[in-house]
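Chain naming here is simple, since letters A, B, ... match the order of the sequence lines and numbering starts at 1 in each.
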There are 2 protein chains.
Amino acid sequence: MTAAKHDVFQAIADPTRREVLRLLANNDLAISEITSHFSISRTAVAKHLHILSEANLVSGKKVGREKIYHLQPEPLTEVKQWLAYYEQFWNNKLSILKHVVENDNEGRFEDRKTDHLK
Amino acid sequence: MTAAKHDVFQAIADPTRREVLRLLANNDLAISEITSHFSISRTAVAKHLHILSEANLVSGKKVGREKIYHLQPEPLTEVKQWLAYYEQFWNNKLSILKHVVENDNEGRFEDRKTDHLK
DNA sequence: TTGACATGAAACCAAAAGGTGTTATATTAT
DNA sequence: ATAATATAACACCTTTTGGTTTCATGTCAA
């Protein structure tokens with residue numbers, strides 16, 4: 001179920017939201033406390049928190065009249081996994097060959113370079 | 001210099017652009033070839049490529065009447081570095097303590113929980 | 001040289017993003 | 001009870017996104 005209107009990739013695309021995550025990495029914070037770190041309105045911050053919440057990157061629970069937000073970094077694993085695919089390309093050039101040799105040795109390496117000509 | 005109007009985080013926020021990157025991970029491709037993998041117009045794909053290019057995630061060179069795009073994954077290291085900060089929070093709960101003990105043993109752990117009350 | 005092909009560029013559009021301000025409601029402190 | 005606080009819920013606005021269509025330009029093949 002876990003409301004997924006907003007993708008984790010989209011959630012972290014905004015610099016303000018990334019900064020919010022940084023703040024919450026240190027402490028759980030109420031909306032007003034978070035707002036004090038920015039120059040934008042409290043309402044705007046609340047919207048960012050709502051988006052982060054939809055991506056399950058934060059959770060908020062009401063405590064008295066405050067709503068305390070808490071970091072939930074688990075969805076970031078999706079980004080990490082996505083990134084992992086590309087690491088082979090920048091770690092070192094040999095790793096590309098290594099990947100091909102280990103995962104398919106049916107001549108696909110040749111295909112990789114000529115596919116687009118067909 | 002490296003034109004930076006578009007952030008790498010924003011560039012990868014769009015699912016279509018992530019799919020384009022996947023295609024280019026296999027082969028260098030011309031715009032039309034990329035377009036054939038989607039249901040959107042060639043112009044729309046060209047715009048996505050432009051955004052990816054601004055984030056330096058791809059480079060394009062003209063070959064005859066075609067423009068061949070090539071994956072440049074290096075900017076993804078920025079995302080990787082950003083993610084690294086949060087890994088301590090999901091790997092396992094003990095790693096938080098481990099981090100604190102290894103990097104500063106001046107009682108900061110206590111501060112982490114009370115900062116927001118000051 | 002003429003047509004077909006690949007891209008570039010411009011004008012336009014609807015919807016979403018990122019903001020704002022106002023008003024209403026619940027909670028705490030006096 | 002009353003005033004102050006913290007947030008929620010709206011209504012509204014402007015800019016950006018992601019897409020379209022149309023037209024122009026450069027290149028290749030006959």
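One can place CZ of Phe38(A) at 17 Å from C1' of dT20(C), the figure rounded to the nearest angstrom. In this structure, Lys61(A) places its NZ atom 17 Å from C1' of dT7(D), rounding to the nearest Å. Remark: P of dA16(C) and CD1 of Ile51(A) are 13 Å apart, rounded to the nearest angstrom. The separation between Arg42(A) atom CZ and dT22(C) atom P is 13 Å, rounded to whole Å. Here dT7(C) presents its P atom at 8 Å from CD of Glu33(B), a figure rounded to the nearest Å. The separation between Lys62(B) atom NZ and dA6(C) atom C1' is 10 Å, rounded to whole Å. In this entry the distance linking CG of Leu49(B) with P of dG18(D) reads 13 Å, nearest Å. In this structure, His50(A) atom NE2 and dC10(D) atom P are separated by 11 Å, rounded to whole Å.
Considering every non-hydrogen atom in both Ala25(A) and Tyr85(B), the closest pair reads CB-CE2, 3.9 Å.
Using a 4.0 Å heavy-atom cutoff across all strands shown, Ala30(A) reaches sugar-phosphate atoms only and no base atom. Within the nucleic acid shown, Ser32(A) comes within 4.0 Å of sugar-phosphate atoms alone, with no base atom in reach, counting heavy atoms only.
Rounded to 10 degrees, the angle separating the terminal axes of the helix from dT1(C)-dA30(D) to dT30(C)-dA1(D) is 30°, with each axis obtained from five end pairs.
Under the 4.5 Å side-chain criterion, counting only non-hydrogen atoms from C-beta, Leu23(A) is in contact with Phe38(A). No side-chain heavy atom of Asn56(A) sits under 4.5 Å from any side-chain heavy atom of Glu74(A). Side-chain atoms of Leu76(B) and Ile12(B), non-hydrogen and from C-beta on, do get closer than 4.5 Å to each other.
In terms of modelled atom types and a separation under 3.5 Å, the side chain of Arg18(B) and the main chain of Ala13(B) share a donor-acceptor contact. The backbone N or O of Thr35(A) lies less than 3.5 Å from no partner atom in the side chain of Arg42(A), so there is not a single donor-acceptor pair.
His48(A) has no side-chain polar atom (N or O) that falls below the 4.0 Å cut-off from OP1 or OP2 of dA17(C). Between Arg65(A) and dA29(C) there is no side-chain polar atom (N or O) within less than 4.0 angstrom of OP1 or OP2. Within the 4.0 Å cut-off from OP1 or OP2 of dA8(D), not a single side-chain nitrogen or oxygen of Thr43(A) is found. Contact annotation: Gln10(A) reaches the phosphate of dA17(C) (side-chain N/O to OP1 or OP2, under 4.0 Å). Of the side-chain N and O atoms in Lys47(A), none sit less than 4.0 angstrom from OP1 or OP2 of dG19(C). Under 4.0 angstrom from either OP1 or OP2 of dT20(C) there lies at least one side-chain N or O belonging to Ser41(A).
Annotation: of the two residues near DNA chain C, Gly64(A) and Asp14(A), the 5′-most nearest-nucleotide partner is Asp14(A).
Ion pairing of Lys47(A) with Asp14(A) is absent here, as no side-chain N (NZ or NE/NH1/NH2) approaches a carboxylate O to less than 4.0 Å.
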